[in-house]
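Reviewing the structure listed below.
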There are 4 protein chains.
Amino acid sequence: MRSADGCTDSPWSPRECELLAVTLQLLQEHGYDRLTVDAVAATARASKATIYRRWPTKAELVFAAFVEGTRQAAVDPDTGALRDDLLRLGENIAAHVGTHAGTIRAVLVEMSRSAEFGAMMQEQFLDQRKALIQRILTRAVARGEIAAAAITEDLWDVLPGYLIFRSVLTGRSPSHQTVHDLVDNVLMPGLTRGST
Amino acid sequence: MRSADGCTDSPWSPRECELLAVTLQLLQEHGYDRLTVDAVAATARASKATIYRRWPTKAELVFAAFVEGTRQAAVDPDTGALRDDLLRLGENIAAHVGTHAGTIRAVLVEMSRSAEFGAMMQEQFLDQRKALIQRILTRAVARGEIAAAAITEDLWDVLPGYLIFRSVLTGRSPSHQTVHDLVDNVLMPGLTRGST
Amino acid sequence: MRSADGCTDSPWSPRECELLAVTLQLLQEHGYDRLTVDAVAATARASKATIYRRWPTKAELVFAAFVEGTRQAAVDPDTGALRDDLLRLGENIAAHVGTHAGTIRAVLVEMSRSAEFGAMMQEQFLDQRKALIQRILTRAVARGEIAAAAITEDLWDVLPGYLIFRSVLTGRSPSHQTVHDLVDNVLMPGLTRGST
Amino acid sequence: MRSADGCTDSPWSPRECELLAVTLQLLQEHGYDRLTVDAVAATARASKATIYRRWPTKAELVFAAFVEGTRQAAVDPDTGALRDDLLRLGENIAAHVGTHAGTIRAVLVEMSRSAEFGAMMQEQFLDQRKALIQRILTRAVARGEIAAAAITEDLWDVLPGYLIFRSVLTGRSPSHQTVHDLVDNVLMPGLTRGST
DNA sequence: TCATAAGCGAGACGGTACGTCGTGTCTTACG
DNA sequence: CGTAAGACACGACGTACCGTCTCGCTTATGA
C-alpha cells in the first residue's frame with residue numbers, strides 16, 4: 001500500500017523510509033504525545049523491535065521523521081532581484097512551515113530534553129536556511145542593491161524566524177500579504193538603509 | 001514554606017496560585033514530560049484530586065502555570081521615546097522568554113492537540129503583548145515619531161515573535177546586542193520610513 | 001420521605017436510625033464495597049461529618065446498620081413440641097438470613113480486620129440465637145422429649161449455622177423442604193438418640 | 001526465591017501460579033482490603049499490566065488465588081469405614097478452612113457483587129467437595145453401612161457447611177472434639193437411621 | 001426581642017489504591 | 001540472520017473513595 005516513493009537521496013533504506021513516512025503521517029494526524037510507537041508499528045506492519053533498533057527512542061524517531069519530511073524543502077529562488085528573492089523565499093517557508101507546524105512543535109519538546117537535539121535541529125534544519133539566505137544576500141551585494149554590512153552573523157534569520165513563529169506559536173498562519181508586508185515594510189528598509 | 005506572593009490580580013485563589021507556582025518550578029527544573037502530577041501534589045502537599053478538580057489534565061495544569069508565570073511579565077516601559085521603549089520591551093521579552101523557553105515548548109505540544117489551546121494561547125499570552133505594543137506605537141504616533149500607518153494589524157509582533165523564535169526554536173538566546181541590532185537595523189527603519 | 005418507623009427500643013435517636021436505615025438499604029442494593037459513605041450522606045441528605053461523628057469508620061457504620069437490621073428477628077416460637085419449635089425457628093432463620101445474606105457478607109469482611117468486630121458479632125448476633133436455642137432444648141428436656149445430655153456447649157448452632165452457610169456462602173438459599181429435611185433427618189435423630 | 005512448586009494440574013502457567021501464590025500470601029498476611037495490587041506486583045517483581053491482563057480486577061485476582069489455594073485440599077481419605085472417612089474429611093476441612101477464613105470472607109464480598117462470582121464459587125469450590133462426599137457415601141452404601149436413600153441432593157454439605165460456618169462466621173474454630181461430636185452425634189445418627 | 005452558641009448541610013481537602021496505557025526491552029517462531 | 005508478533009517491567013495518568021476539616025446557616029437558649 002505504501003511504496004517507498006520520495007526516498008531518493010535519503011540516508012535511509014526503503015523500509016526505514018516507509019517507517020518514517022508512517023511516523024510523519026501519524027504525527028500530523030494526532031500530534032506528538034497522541035502518537036504511539038505501537039501505532040507506528042501496527043500501521044507499518046512492523047515490529048517495535050525493528051523501529052527501536054534504528055531509533056532508540058520515540059523522540060529520535062520523530063525527529064528523524066521530521067528531518068526526512070523537510071529535507072527537500074530548501075530551494076534557492078534566484079530571481080535576479082533581492083526583493084523577489086525574499087518574496088519567493090518567504091512564500092516557500094510559509095507554505096512549508098504551515099503544513100508542518102505540528103511536527104515542529106513535536107520536535108521542540110525534544111530540544112528541551114537534551115542539548116543534542118538542539119544541535120541536530122541547528123545543523124539539519126536551520127543551517128540549510130542560513131546558507132540559502134546568505135547566498136541571496138551575497139548576490140544582492142554583488143549587484144549593488146545593498147551594502148555588504150547588511151549581511152550580519154546574528155540577524156540573518158528574521159524572515160524565516162518570524163514566519164515560523166507565526167505558524168508554530170500562534171494560530172495565524174502568514175498569508176501572502178503578510179509576506180509582502182514583511183519584506184517591503186520591515187526587511188527591505190533595514191537592508192537598503194544607507195545604500196540610497 | 002511557599003507563601004502566596006505574587007498572586008495579586010490573579011484569577012486563582014492563593015492555594016491554586018501555590019499549586020501553579022510549584023508546577024512552574026518543577027517544570028523549569030525537569031521539563032514537561034519529566035514533570036509528574038504526583039510530584040506536584042507531593043511538593044505542594046496537595047492531593048491529586050485537588051489538582052485535577054481545577055485542571056482536568058496535566059496539559060491544562062502546565063498551561064495554566066505558564067500563563068500565570070507570564071502574567072506579570074508584560075509591563076509598559078514608557079520611557080518617552082519609541083526607540084527606548086522598544087529596547088526595554090525587547091530586553092524584557094528576551095529575559096522572560098529565555099527562562100521559560102522549555103515551558104513554552106511544552107505548552108506548544110498541547111496546541112497541536114486541540115484548537116482550544118491555540119485560542120487560549122492567543123487570548124492569554126499574545127493579546128497581552130499586542131495591546132502593550134500598540135500602546136507604545138500609539139504614543140510614538142502622538143509624539144510625531146512615526147506615521148499612524150505604521151501601526152498594522154498584522155505585523156505588530158515582529159519584535160516579540162523573532163525574540164521568542166530565537167529562544168524557543170533555536171538555541172541562540174538573543175543577547176543585548178541582538179535586541180539593539182533588531183531595533184536599530186530592522187524595526188526602526190521600517191517604522192520611521194517616510195516620516196523623516 | 002423516610003420516617004423514623006421501627007426505631008422502637010433502639011439505642012439510636014430517630015435521626016441516627018434513619019441514617020442506619022439508608023445504610024442498610026444501600027448495602028443490600030449495592031453490596032459492601034460499592035456502598036460509599038458519600039452515597040449514604042447524599043441519600044439521607046446528611047453531612048458526612050454527621051455520620052462520622054457517630055460511627056468513626058465505614059465499617060462501624062455498616063456493622064451498626066446490620067445489628068439494627070437484625071435486632072428484632074429472634075423470636076421464640078414455643079409451639080409445645082421440639083420438632084415444631086425447630087421447624088419454626090429454622091424457617092425464621094432461613095427467611096431472615098435469606099434477605100440479609102449480602103449484609104452478612106459485608107460484615108464478615110470487618111471480622112477479618114479486627115477481633116473487636118468478631119466479639120461484637122458474637123455478642124450481638126450469635127449469643128441471642130444461642131440463648132434461644134437452649135431455651136427450646138431446655139423445654140424439650142423438661143417435657144422428656146430428649147436427654148439432658150443433648151444440650152451441648154459446642155454444637156448448639158448446627159441449625160442456624162448450616163442455614164446461614166447455605167445463604168451466605170452458597171447461592172442455594174434453603175427451601176422449606178430443606179429445613180424439614182434438616183430437622184427430621186439430621187437434627188432430630190441426633191437429639192433423640194438414646195431417649196427412645 | 002519463589003519457585004513454581006505446586007502448580008501441577010493447574011490451569012495457570014508457572015508465572016501465573018507464582019502471582020497467585022504471592023497474592024494468597026499477602027492476602028493472609030494483610031487481609032483483603034489491606035492487600036494492594038501494587039504490593040502483589042512489587043513482591044512478584046511483576047508489572048501491574050501483567051496482573052490485570054489475566055485478572056481484570058483485584059476481586060478476580062483474589063478469587064483466583066483462593067481457588068488455586070484450595071484446589072489441592074480436597075483429597076479422598078478412603079479409610080474403609082464411613083465414620084473414619086467423615087472424621088478424616090472433617091479434620092481436613094477444618095484445618096484448611098481455619099487457615100483461609102480471612103480469604104473466604106474476602107471472596108464472599110465479591111459474591112454479593114455479581115452472580116458470576118457465585119457461580120464460580122459453586123463450580124470451583126463447592127462442587128469439588130460435593131463430588132468427594134458423594135463418593136464417600138456411595139462407598140458406604142456399597143459396604144451396606146447406610147441406606148441408599150441417605151444420599152440426598154440437598155443436604156450433602158452439612159459437614160463442610162457447618163465447619164465453614166464455624167471458622168468463617170464465628171471466631172470459634174472447630175476443634176478435633178467438635179469434629180468428632182459432629183460426626184458421632186449429628187451426622188452418623190441421621191445417616192444410619194433405619195439401617196441398623 | 002435580640003445575641004451567642006451549638007449542631008448541621010455542604011463540600012473542599014490530603015491521602016491512597018485502583019485500573020489504564022505508553023515506553024523500551026526481551027523472547028519466540030517464522031522465512 | 002533479520003523480522004513480525006507480542007509479553008513484560010516500569011512508571012505516570014486520571015478516577016474514586018475514605019476520613020478530616022472548614023464554612024455558613026439554622027435553631028435553641030439566656031439577657
Side-chain angles (χ1 to χ4, degrees), chain A residues 13 15-16 19 30 32-42 44-62, chain B residues 13 15-16 19 30 32-42 44-62, chain C residues 13 15-16 19 32-62, chain D residues 13 15-16 19 30 32-42 44-62:
Chain A
S13 77
R15 180 53 166 157
E16 289 162 338
L19 294 173
H30 302 103
Y32 180 75
D33 48 4
R34 292 255 248 261
L35 167 75
T36 67
V37 179
D38 291 75
V40 174
R45 298 199 62 83
S47 167
K48 287 207 293 176
T50 304
I51 296 174
Y52 279 105
R53 198 171 301 124
R54 285 157 179 78
W55 305 282
T57 64
K58 173 185 173 183
E60 293 179 59
L61 170 66
V62 167
Chain B
S13 75
R15 181 52 166 158
E16 289 163 337
L19 295 173
H30 303 102
Y32 179 76
D33 49 2
R34 292 240 245 268
L35 167 76
T36 67
V37 180
D38 291 77
V40 174
R45 296 198 61 81
S47 166
K48 285 208 293 176
T50 301
I51 296 174
Y52 280 105
R53 201 173 296 130
R54 287 161 178 72
W55 305 283
T57 65
K58 174 184 172 183
E60 292 181 56
L61 170 65
V62 167
Chain C
S13 77
R15 180 55 167 156
E16 290 163 336
L19 295 173
Y32 180 76
D33 48 3
R34 292 256 249 260
L35 167 74
T36 67
V37 180
D38 291 74
V40 173
T43 305
R45 298 197 62 81
S47 168
K48 287 207 292 174
T50 303
I51 296 174
Y52 279 104
R53 198 171 300 126
R54 285 154 179 79
W55 306 282
T57 65
K58 174 184 171 182
E60 293 179 57
L61 170 66
V62 167
Chain D
S13 76
R15 179 53 165 158
E16 290 164 334
L19 294 174
H30 303 102
Y32 179 76
D33 49 3
R34 292 241 245 267
L35 167 75
T36 68
V37 180
D38 291 77
V40 174
R45 293 198 62 82
S47 166
K48 286 208 292 176
T50 302
I51 296 174
Y52 280 105
R53 213 187 326 269
R54 287 160 177 74
W55 305 283
T57 64
K58 174 184 172 183
E60 292 180 57
L61 169 66
V62 167

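Excluded from the calculations below are hydrogen atoms, water molecules and symmetry mates; all remaining heavy atoms, backbone and side chain alike, are included. Each chain gets a letter, A, B and so on, in the order its sequence line appears, and its residues count up from 1.
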### Interface limits on DNA chain E, where chain A has a heavy atom under 4.0 Å of a nucleotide atom
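The protein-touched segment is E/dG22 to E/dC26.
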
### Task
Tell me, please, which residues at least two apart from D/Y52 pass side chain to side chain donor-acceptor pair (under 3.5 Å).
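Not a single residue meets the side chain to side chain donor-acceptor pair (under 3.5 Å) criterion with D/Y52.
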
#### Entry: Minimum heavy-atom distance between B/R15 and B/A46, given as atom pair plus value
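In this case the closest contact between B/R15 and B/A46 is NH2-CB, 3.4 Å.
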
Applying salt bridge (Lys or Arg N to Asp or Glu O under 4.0 Å), can you list everything that pairs with [X], at least two apart in sequence or on another chain?
| X | answer |
| --- | --- |
| C/R53 | none |
| D/K58 | none |
| D/R54 | D/E16 |

### Task
Would you give the length of the straight line joining atom CD of D/E60 to atom CD1 of D/I51, rounded to the nearest 0.5 angstrom?
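With rounding to 0.5 Å, CD (D/E60) is 13.5 Å from CD1 (D/I51).
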
### Query
What's the spacing between D/L19 CG and D/W55 CH2 if we round to 0.5 Å?
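One gets 5.0 Å once the value is rounded to the nearest 0.5 Å.
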
### Task
Check whether any side-chain heavy atom of A/D33 lies under 4.5 Å from a side-chain heavy atom of B/D33, and answer yes or no.
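In short, these two side chains do not touch, never coming nearer than 4.5 Å.
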
### Query
How does protein contact run along nucleotides 13-20 of chain F, one letter per nucleotide 5' to 3', with B for base contact, S for sugar-phosphate only, - for none, heavy atoms under 4.0 Å?
SBB-SSBB

#### Entry: Distance test, side-chain N/O of D/T50 to OP1/OP2 of F/dA7, below 4.0 Å
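For F/dA7, neither OP1 nor OP2 has a side-chain N or O of D/T50 closer than 4.0 Å.
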
#### Entry: Value in whole Å for how far the P atom of F/dA7 lies from CG of D/L19
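Checked: the CG to P distance equals 15 Å.
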
### Query
For the pair made of CZ in A/R45 and C1' in F/dT3, what is the distance, rounded to whole Å?
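That distance rounds to 12 Å.
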
